[in-house]
Each structure stands twice: as structure tokens, then as C-alpha cells.
Trainee: 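First the structure, which I've put down as C-alpha cells, then a few questions once you've had a look.
Owing to the predicted nature of the structure, the values given are computational and were not obtained by experimental measurement. Every heavy atom of this structure was used, including side-chain atoms; hydrogens, water molecules and symmetry mates were not. Remember, it's 1-based here, ligands and their atoms both numbered in the order they're listed.
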Amino acid sequence: MITTHNLGYPRMGAQRELKFALEAYWRGDSTLEALRETGAMLRARHWADQAGLDWAPVGDFSFYDHVLDTSAWLGHWPRRVQDWAGDPLDKLFRVARGRTAPQAERQGGAPGVAAAEMTKWFDTNYHYIVPEFDADTTFTLNAEPLLAQWQQAQALGVRGKPVLLGPVTYLALGKAKDGSDPLALLPRLLPAYAQCLERLAAAGATWVQIDEPLLVTDVDERWQHAYNLAYHQLKACRVQILLATYFGALQDNAYLAVNLPVAGLHIDAVRGRDDVAAVLNLLPAHKVLSLGVIDGRNIWATDLNAALDWLEPIAERLGERLWLAPSCSLLHVPVDLRLEDDIDPEVRPWLAFARQKMDELCILAQALNHGRQTVRDALQANAAALAARRSSPRVTQPAVRTALANLTPEMQRRQQPYPVRAQAQRQRLGLPLLPTTTIGSFPQTAEIRHARAEYKAGRLDTAAYEAAMKREIERAVREQEALGIDVLVHGEAERNDMVEYFGEQLEGYVFSRHGWVQSYGSRCVKPPILFGDVRRPHPMTVQWITYAQSLTKRPMKGMLTGPVTMLNWSFVRDDQPREQTCRQLALAIREEVLDLERAGIAVIQIDEPALREGLPLRRAERAAYLQWAVACFQIAANGVRDDTQIHTHMCYSEFNDIIDSIAALDADVITIETSRSDMELLQAFEHFDYPNEIGPGVYDIHSPNIPTRHAIEALLRKAAERIPIDRLWVNPDCGLKTRQWSEVIPALREMVAAAQALRAQEAPNGQR
Ligand SMILES: CN1c2c(nc(N)[nH]c2=O)NC[C@@H]1CNc1ccc(C(=O)N[C@@H](CCC(=O)N[C@@H](CCC(=O)N[C@@H](CCC(=O)O)C(=O)O)C(=O)O)C(=O)O)cc1
Ligand SMILES: N[C@@H](CCS)C(=O)O
Ligand SMILES: [Zn+2]
């Protein structure tokens, strides 16, 4: 008999219950007890959703982030909160969200505390809280929260499999602030893991899933050795370990992974399908092999008949040792398609969200265990849906194919090199030295979100909604003028999200109503679903930007999301290479850029914050990705005249290893996140002798703290040591949509004052 299991379920709830419970608690409108009750309710519901499986995950639920939870059960808190003695959940939130001094003072005078760093979880759009190590870091088991989840599962009769983030991946995800070697902590870390496994065994757990996604990346000898050390030490524990790898193929780590002394190995059989033959040959005869056959990173219905064609001989060979699961935790997909009563009816049968993926798994197991005929109807329905998807005229649009075939290398290049363009742009824009700007969004207030919700529900008509958004745009323009900002933005009030908004306007996309996916903490995104050839039926932003420009004499930036970010933050089709889909997006955005230019917009920003995130986890695959990703940006951006200034923006990026690709974009100006790294990120630009203009972020928008003009001036001076001052811009790290106006105005006032002070010293006539 085949065993079915799952690696993790979405936590937020089908109606984002966890988000609302968290935010109510943080606002002070609810209690910890109520929050914990919501958590328990969601876990119970999610186990019920997985009731058809042989094993359901326990411990995959988190109130904020599973990496932070791992730090918590390891008793490993950042030093700045170690002595704080409140409720452990509050302590966790302090680490994740920080606490500003004034906020703390209001609540009894406790000191403020800085939030921990947050970064992307492998190549996903989910952010985790980075563990902070130093040479003296110690670990002390605190398994109670995990055991409480286990006990809840037991009480509900759930056949549970606890899930832990593995020790080696955990160390690799952290940062040693003192430059010490995180791997040196392994001998101190393993006893805590061993104790945890013992506690779980004592509580009745038989299988424990230990996640080691690091094994799908390039792992050098030291880390390989760490794997051997870790799992040889943990093999004495009284539980059976299922070592879970996902997000890619094991490739050269296959031999290491199959030979670790564990009872079972899970591999990603969607992205790592090519591995499976090798793994089957290497697998020791006593080991379970779990194949992740259902895509945990996308929302397409699995081709069940094809999966069975492939699985049947494997099932024959492995018998009881074959387990089936999704490729990875379902954290990265929405919960339940059944809620989508308004989704495009043609596309709906092509989709499977988390709940439906559980059904798929059960159908596969039933077919393998009892014969395909026992699930004949389900298999036929699946085949019919997939056939309809393949033959739909909406999937393939000849005009788009022709436009793609007609792409020429000239379309990727600006007419003149940057120095020539810079002259033309300086003449046209007449900006001062150190021009000030912002990244695009202004606060998405409750009123804006509410107006949009009313509009989408049909309770507000188009004219009233547009009028409300125009009022917000006017407010943003007036505020920026009053602050003295040089290049203005319209504030993105009309956008629900920088990707979803564009998806909604392009042919080839459909969108869900409830398809939320956790991005970080309580923040969610609703990735649009790209199912077919992409075409821009009408201009997407021109009306809003020209309205904003009509309100001011200062230059107004056109604001677009770039093709690579559209690709990486959407659920995209799996029936053609991503590169091809990206080129279609690039052509659609190019049309918008050219329309903005024709409408008289002199500065156009094309955001590409996800360019780096799309980088393959394996070094060997990166050059090819960067080549087409850069080409796509160039197609989108580079059709404009010399005197049109193209900006791009990237956040969360380590630039050192991709700086030549960043330069190849040939954007006139790039604005980047640098303030948290104290301008250190600029090193890459300095060493490479980056030729165009740069706006290093001068304050961290993730924090409600108001920066001082002196701090900003100091950062600008630091930047000017690395980049010629006449190529520097002054801007925040990222958009301001998550902030309040009451934070934004004083922060920008300080930013403008810092730029003016430096300008007065460096260019008394104000000009560049
Ligand atoms: C820059 N970032 C982004 C990423 N990915 C994206 N796709 N987009 C990004 O901007 N990845 C990396 C980072 C992640 N950062 C963030 C930052 C902020 C959020 C966030 O605030 N998310 C919101 C949801 C945003 C949204 O889509 N809003 C919609 C719907 C709003 C809503 O929930 N409405 C309510 C009703 C409200 C009312 O009636 O008053 C409802 O429908 O029930 C909109 O504005 O229309 C969040 O709340 O989580 C995400 C990632
Ligand atoms: N223009 C977007 C970029 C975010 S990365 C914003 O300002 O929110
Ligand atoms: Zn950004």
C-alpha cells in the first residue's frame, strides 16, 4: 500500500482568519487567548482538510514564521530580548516586528527593540526571520509550543507527523553578526534537536519530518560533512526521520542525501523529476522514498493520468516503501478553490489549491493501491479538464506569437549610450544635484482599501471609486510639493498590489478572490494566475499618471511593474518555458511604456524587486536566467527616446554577484534598498564602476522610526564616497504603502532637508 502525507498546509486560513486575529491583537483589540484560540481552530480545520491522508503535518502552523518558531523552540533569542520575561508569543512578536521606543513608552516604559532581519525563503515570495548567531550562541530546548500542537492533534485523533526545520538548513539560514562561523554551532545545536526528538517520541510520535531544503542548493564539503555529522548523531533517537528536501533537484547531493542514516527521504519530484531515476538506484533497500509529485509551488491541476503512468512502475518496484506527497509545503499556494465562485469558469477546472491538492493525492493513492478503475470518473474528469486547457483558444493567441517572433535585438537597446542620454534628460528635467524622489506607493490607508472593497462588491460605482482614488492622488501630489520633492509619484492608491493590479488588466491572466498566500507575518499577497498568452488590450496606467501629471509642474514618474517581477510573483503557466512567458509580459509592458512616453511622461520607473529572487538556486543555472531576465527588462524599457528617463527599483537584493546584469539593464537610474546595510551594498556598484545613476535608499521603510536629517546626511556622504555625487539620487529604501501618513511626512521632511543641506555645500548654485 502507498502511504500519503503532506509537508505543510497554509496557515492563514481560507478567509485569512489568522491575519485578522493577529492584527486585532497587535492593535490591542483582542487578547492573546483569543489569538491562540484562532490558531487552534485553524489547525483543527486544516487537519480536517487533510483527513484523507495517512499522515498530516503537525507543527507546520505558525503565528508568524516557522524559522522564528525554530529559534524559539531552540531557546535561541536575539540578545536584545533574551531577558524579556513576558508571554513567549509576545516575545516572538517583539523579535519579528520590533518595538519603537515611543510605542514602548506608551505601554509602560519598557525599552524599544529593533526588529530582526527578514529575508526571502529560498526562491519563494515568503519571508522568514533570520536567526542571529554569534560565537557564544547556545541552545536550550523549549518544546512546549510544539508539544501543545502535538497534543491537540492527538486529542483530535489526527495521525500526525511532527515537522521540524532541519539543523543544517537552520544554521545556513542564519547570520553570524560577529563574523563567526555558524557551522561551528552544530555540536551545540544537535543535543537540542536530539532532546526534541526524544520528547516527541515520548509523546507518541513515530515519524518526524525534518526539512533540509538546503540539499537542493550547491553544498560544499564542509556543509556535506555537517549533514553526515548531524544525522549520524540524531539516528540514535527513537523516532523515524523523514528527511524532506524540496524546491529543486538533489543533483550532486543525491548520494549524500540517500545515504544519511534516516528512515525515509522526501524529494521534489516536480522540479527534481530528473533525479528520481538516480535516487531509485541509490536508495538503500530499507528506506522509504517519498515522491513530491504534486506541485506545491503552483496552482495547476496535476495531470493524474500522466502521473500514474510514471508512478505505477515505481510503485511496483518500491511497494510499501513508496510515499506520495506534494513537492513541498503548501504554504505557497492558496487554501481552497471551492470559495472561488467568481473565477473565470473556463479556467477553474484547470486549477487546484491546497485543499484540492489533497484530493489529488488521495486519487493517486487510491489508483495505485486499488487500480485506476476505482477512480475512473475522477481520472476522466481530470483528463477532460487538461485537454480543454491544452486546446483552449484563449491559451494560444497567434498575434502574441507573431509579435514575439518579430522581436529584434535592436528593441532591447536604447538609441544612445547613457552619457549622451543623461545630457538630454538633464536638459529636459532640469533637476538639482541630489534629486529627491520616492519609490512609488504612499500609504494604502484603510479608507483606500475600503473604497476598493466597496467598488469590487458593486456598492460603489466606477465614477465614485475613480473620484476617490483621484482625491488620494491629489493628496499625494500636494504633500510631495509641500515637502519639496523633485520627482513626484502618484502614490499607487488605485493598486491593490503591484503585480495583481497589472495582472487584472492583461489578457492571459485570471484572478481569484480568496487566493491569498502569506508573504510575511500577517501580510499576504494574492498572486494573479497567468494561464495564457499575454496581451495588453488597453493602456493600464496612462489615465492615472497623466491625471497626476496634470496636477503639478514637477516631473511625475510613470510607475510600472517589470516583466520579471510580474513573472516571479504570479502563478504562471507550466506549459511553456518561463522565459517565453516573460517575453510576452515584456512586450505588454513595452507598449505601456511607449504610451506613457507619448502622453508626455518624462520619467518612467519599471520596478524589478523580484529579479534577484528568480535567480535559480543552483549557480550553474543562473547565467541563463539572467540572460533572458535582463533581455526582458530591456525589451520593456528600452524602446524610449533618449530624453525619457528610465528608472528601475530593486529591494532585498544582494547585488555583488549580479552587478553586471544590473548594469546591463541600462536603466538611467536605479533605486535600491541600502539603508539597513549602512550603504555597504553600494560596494558592488563602486567596485564594478557602475556607470549610470543610483538612488541608494536612505531610510528603512519597514520601520515606523522617523530618521533624522543628520543620519540621512551621513548616509549620503558615505554614498558619495563610493558613487560620484552628480550620479546620486535621494530616496527611501522602498515604497511607503505599509506606513501611515503620520510617519511618512516627517520622514520625508528629514530626507529632503538632508538633501538640501548637502546640496548647499556641494553645489551652491543648486545645479548638477
Ligand atoms: C514588495 N512586496 C510585494 C511582494 N509581492 C507582491 N505581490 N507585492 C508586493 O508588494 N513581495 C515582497 C514584498 C512583500 N511585501 C508586502 C507588503 C505589504 C503587503 C500587504 O500589505 N498586503 C495586504 C493586501 C494587499 C492587497 O492586495 N489589498 C487589496 C485587498 C485588501 C483587503 O484585504 N480588503 C479587505 C476589505 C477591506 C475593507 O473593507 O475595509 C477584504 O477584501 O476583505 C486591496 O487593496 O484592494 C495585506 O493586507 O496583507 C504584502 C506584501
Ligand atoms: N513601486 C512599488 C515598489 C515596491 S518594491 C512601491 O512603491 O510600493
Ligand atoms: Zn521595493
Side-chain angles (χ1 to χ4, degrees), residues 12-20 22-23 118-121 123-128 332 339 437-457 459-460 465 468-469 472 476 489-504 511-528 541 545 557-562 564-571 604-614 647-653 670-675 695 697 700-702 731-739 744:
M12 276 294 144
Q15 305 280 1
R16 288 182 292 161
E17 290 89 338
L18 182 58
K19 171 193 175 64
F20 300 120
L22 282 167
E23 291 175 0
M118 181 170 87
T119 197
K120 290 288 175 93
W121 171 244
D123 60 351
T124 74
N125 197 2
Y126 172 81
H127 306 64
Y128 71 90
H332 312 290
L339 294 175
T437 192
T438 61
I439 304 303
S441 56
F442 274 114
Q444 278 274 329
T445 59
E447 294 74 43
I448 295 177
R449 298 253 202 248
H450 184 66
R452 187 156 38 251
E454 292 292 288
Y455 173 51
K456 290 202 167 169
R459 290 188 290 269
L460 195 65
Y465 174 68
M469 294 302 114
E472 288 296 331
V489 297
H490 77 298
E492 304 181 26
E494 80 289 4
R495 300 183 188 179
N496 43 8
D497 172 75
M498 60 184 287
V499 167
E500 194 184 2
Y501 175 78
F502 288 97
E504 283 176 355
F511 3 87
S512 61
R513 273 209 180 147
H514 305 277
W516 295 97
V517 177
Q518 185 179 13
S519 181
Y520 65 91
S522 69
R523 299 283 181 177
C524 301
V525 294
K526 186 143 56 64
T541 62
I545 303 296
K557 272 197 275 191
M559 189 60 59
L560 302 170
T561 302
V564 186
T565 298
M566 288 294 297
L567 183 88
N568 285 330
W569 288 353
S570 301
F571 288 123
I604 301 171
Q605 178 172 311
I606 306 173
D607 292 324
E608 284 291 18
L611 186 117
R612 192 172 197 304
E613 172 184 314
H647 289 218
T648 189
H649 161 71
M650 291 178 196
C651 32
Y652 330 94
S653 293
I670 180 169
T671 54
I672 55 171
E673 177 182 318
T674 37
S675 73
D700 176 13
I701 60 89
H702 297 99
N731 46 265
D733 265 346
C734 185
L736 299 162
K737 64 186 166 201
T738 55
R739 300 261 59 93
V744 163

Trainee: About how many Å separate CG of Leu560 and OH of Tyr501, when rounded to the nearest 0.5 Å?
Mentor: 10.0 Å
Trainee: Under 3.5 Å, is there a donor-acceptor pair between the side chain of Ser570 and the main chain of Leu567?
Mentor: no
Trainee: Would you mind telling me if ligand 1 is within reach of the side chain of Met498, the backbone, both or neither, using heavy atoms under 4.0 Å?
Mentor: side chain
Trainee: Give a yes or no answer on whether the side chain of Arg16 reaches the backbone of Arg523 with a donor-acceptor pair at less than 3.5 Å.
Mentor: no
Trainee: Give the residue and atom name of whichever protein heavy atom lies nearest to atom 46 (O) of ligand 1, and the separation in Å to one decimal.
Mentor: Arg452 NE, 2.6 Å
Trainee: Give the residue, atom name and distance (to 0.1 Å) of the protein heavy atom nearest atom 1 (C) of ligand 1.
Mentor: Tyr652 OH, 3.7 Å
Trainee: Hey, does the side chain of Asp497 reach the backbone of Val499 with a donor-acceptor pair shorter than 3.5 angstrom?
Mentor: yes
Trainee: Can you list the ligand 2 atoms lying under 4.0 Å from a non-hydrogen atom of Met559?
Mentor: 1 (N)
Trainee: Output the distance between atom CZ (Arg459) and atom OH (Tyr465), rounded to the nearest 0.5 Å.
Mentor: 14.5 Å
Trainee: Among protein heavy atoms, which lies nearest atom 36 (C) of ligand 1, and at what distance?
Mentor: Ala453 CB, 3.8 Å
Trainee: Donor-acceptor pair, distance only, cut-off 3.5 Å: does the side chain of Gln605 make one with the backbone of Thr648?
Mentor: no
Trainee: Identify the protein heavy atom lying closest to atom 3 (C) of ligand 1, giving its residue, its atom name and the separation to 0.1 Å.
Mentor: Trp569 CZ3, 3.4 Å
Trainee: CD1 of Ile545 to CD1 of Ile604: how many Å apart, nearest 0.5 Å?
Mentor: 9.5 Å
Trainee: Should you measure from each heavy atom of Pro609, which atoms of ligand 2 turn up under 4.0 Å away?
Mentor: 5 (S)
Trainee: Are any of the N or O atoms of Lys19 closer than 3.5 Å to those of ligand 1?
Mentor: yes
Trainee: Go through the steps for Lys557 and Thr437 under the test side chain to side chain donor-acceptor pair (under 3.5 Å), then give the verdict.
Mentor: CA-CA 9 Å; Lys557 272 197 275 191; Thr437 192; 3.1 Å; yes
Trainee: Looking only at distances, please establish whether an N/O atom of ligand 1 is found under 3.5 Å from an N/O atom of Asn125.
Mentor: yes
Trainee: What I want to know is whether Glu492 and ligand 2 share at least one N or O pair that is separated by under 3.5 angstrom.
Mentor: yes
Trainee: Any non-hydrogen atom of Met650 lying under 4.0 Å from ligand 2?
Mentor: no
Trainee: Which residue and atom name correspond to the protein heavy atom nearest atom 2 (C) of ligand 2, and how close is it?
Mentor: Asp607 OD2, 3.4 Å
Trainee: I need the nearest protein heavy-atom contact for atom 4 (C) of ligand 2: residue, atom name and distance, please.
Mentor: Met498 SD, 3.5 Å
Trainee: To the nearest 10°, how many degrees is the angle His649 NE2 to the Zn ion (ligand 3) to Cys651 SG?
Mentor: 110°
Trainee: With side chain to side chain donor-acceptor pair (under 3.5 Å) as the test, would you mind laying out the steps for Ser675 and Asp733 before giving the verdict?
Mentor: CA-CA 7 Å; Ser675 73; Asp733 265 346; 2.6 Å; yes
Trainee: Give the residue, atom name and distance (to 0.1 Å) of the protein heavy atom nearest atom 7 (O) of ligand 2.
Mentor: Ser441 N, 2.8 Å
Trainee: Does Arg449 come within less than 4.0 angstrom of ligand 1, counting non-hydrogen atoms of the residue?
Mentor: yes
Trainee: State whether the shortest distance between N or O atoms of His450 and N or O atoms of ligand 1 falls below 3.5 angstrom.
Mentor: yes
Trainee: Taking only heavy atoms of Gly735, which atoms of ligand 2 are found under 4.0 Å from at least one of them?
Mentor: 6 (C), 7 (O), 8 (O)
Trainee: Do Tyr126 and Lys120 come within less than 4.5 Å of each other through their side chains, counting heavy atoms only?
Mentor: no
Trainee: Within the 4.5 Å heavy-atom criterion, are Thr541 and Phe502 side-chain neighbours or not?
Mentor: yes
Trainee: Quick check on contacts: which atoms of ligand 1 are under 4.0 angstrom from a heavy atom of His127?
Mentor: 12 (C), 14 (C)
Trainee: Any nitrogen or oxygen of Trp516, side chain or backbone, less than 3.5 Å from one on ligand 1?
Mentor: no
Trainee: Among all protein non-hydrogen atoms, which one is nearest to atom 21 (O) of ligand 1, and what is the separation to 0.1 Å?
Mentor: Arg523 NH1, 2.8 Å
Trainee: Quick check: does any side chain N or O of Lys19 sit under 3.5 Å from a backbone N or O of Ser522, one acting as donor and the other as acceptor?
Mentor: yes
Trainee: Do ligand 2 and Ile439 have nitrogen or oxygen atoms that lie under 3.5 Å from each other?
Mentor: yes
Trainee: Atom 41 (C) of ligand 1: which of Met12, Lys737, Glu23, Arg16 has the nearest heavy atom?
Mentor: Arg16
Trainee: Which atoms of ligand 2 are found less than 4.0 Å from any heavy atom of Cys651?
Mentor: 5 (S)
Trainee: Do any N or O atoms from the side chain of Glu454 and from the backbone of Ala457 form a donor-acceptor pair under 3.5 angstrom?
Mentor: no
Trainee: Is the shortest N/O to N/O distance between Cys524 and ligand 1 below 3.5 Å?
Mentor: yes
Trainee: Atoms of ligand 2 less than 4.0 Å from Gly440 heavy atoms?
Mentor: 7 (O)
Trainee: Are the charged groups of Lys456 and Glu504 less than 4.0 angstrom apart, N to O?
Mentor: yes
Trainee: Any side-chain to backbone donor/acceptor pair from Glu17 onto Gln15? Under 3.5 Å, distance only.
Mentor: yes
Trainee: Which ligand 2 atoms are under 4.0 Å away from a heavy-atom of His649?
Mentor: 3 (C), 5 (S)
Trainee: Using a 4.0 Å cutoff against the non-hydrogen atoms of Tyr520, which atoms of ligand 1 qualify?
Mentor: 15 (N), 16 (C), 17 (C)
Trainee: With distance as the sole test, does Thr561 use its side chain to make a donor-acceptor pair with the main-chain N or O of Met498 at under 3.5 Å?
Mentor: yes
Trainee: Would a distance-only check, ignoring hydrogens and angles, find a side-chain to backbone donor-acceptor pair under 3.5 Å from Lys526 to Glu500?
Mentor: no
Trainee: Return yes or no for this condition: an N or O of Asn496 is under 3.5 Å from an N or O of ligand 1.
Mentor: yes
Trainee: For atom 9 (C) of ligand 1, grab the closest protein heavy atom and report residue, atom and distance to one decimal in Å.
Mentor: Asp497 OD1, 3.5 Å
Trainee: Any donor-acceptor pair under 3.5 Å linking the side chain of Gln444 with the backbone of Ala493?
Mentor: yes
Trainee: How does Thr738 reach ligand 1, by side chain, by backbone, by both or by neither, if only non-hydrogen atoms under 4.0 Å count?
Mentor: side chain
Trainee: What protein heavy atom is closest to atom 14 (C) of ligand 1, reported as residue, atom name and distance in Å?
Mentor: Ser519 OG, 3.4 Å
Trainee: Does any non-hydrogen side-chain atom of Cys524 lie less than 4.5 Å from one of Ser519?
Mentor: no
Trainee: With heavy-atom distances below 4.0 Å as the criterion, list the atoms of ligand 2 near Cys734.
Mentor: 4 (C), 5 (S)
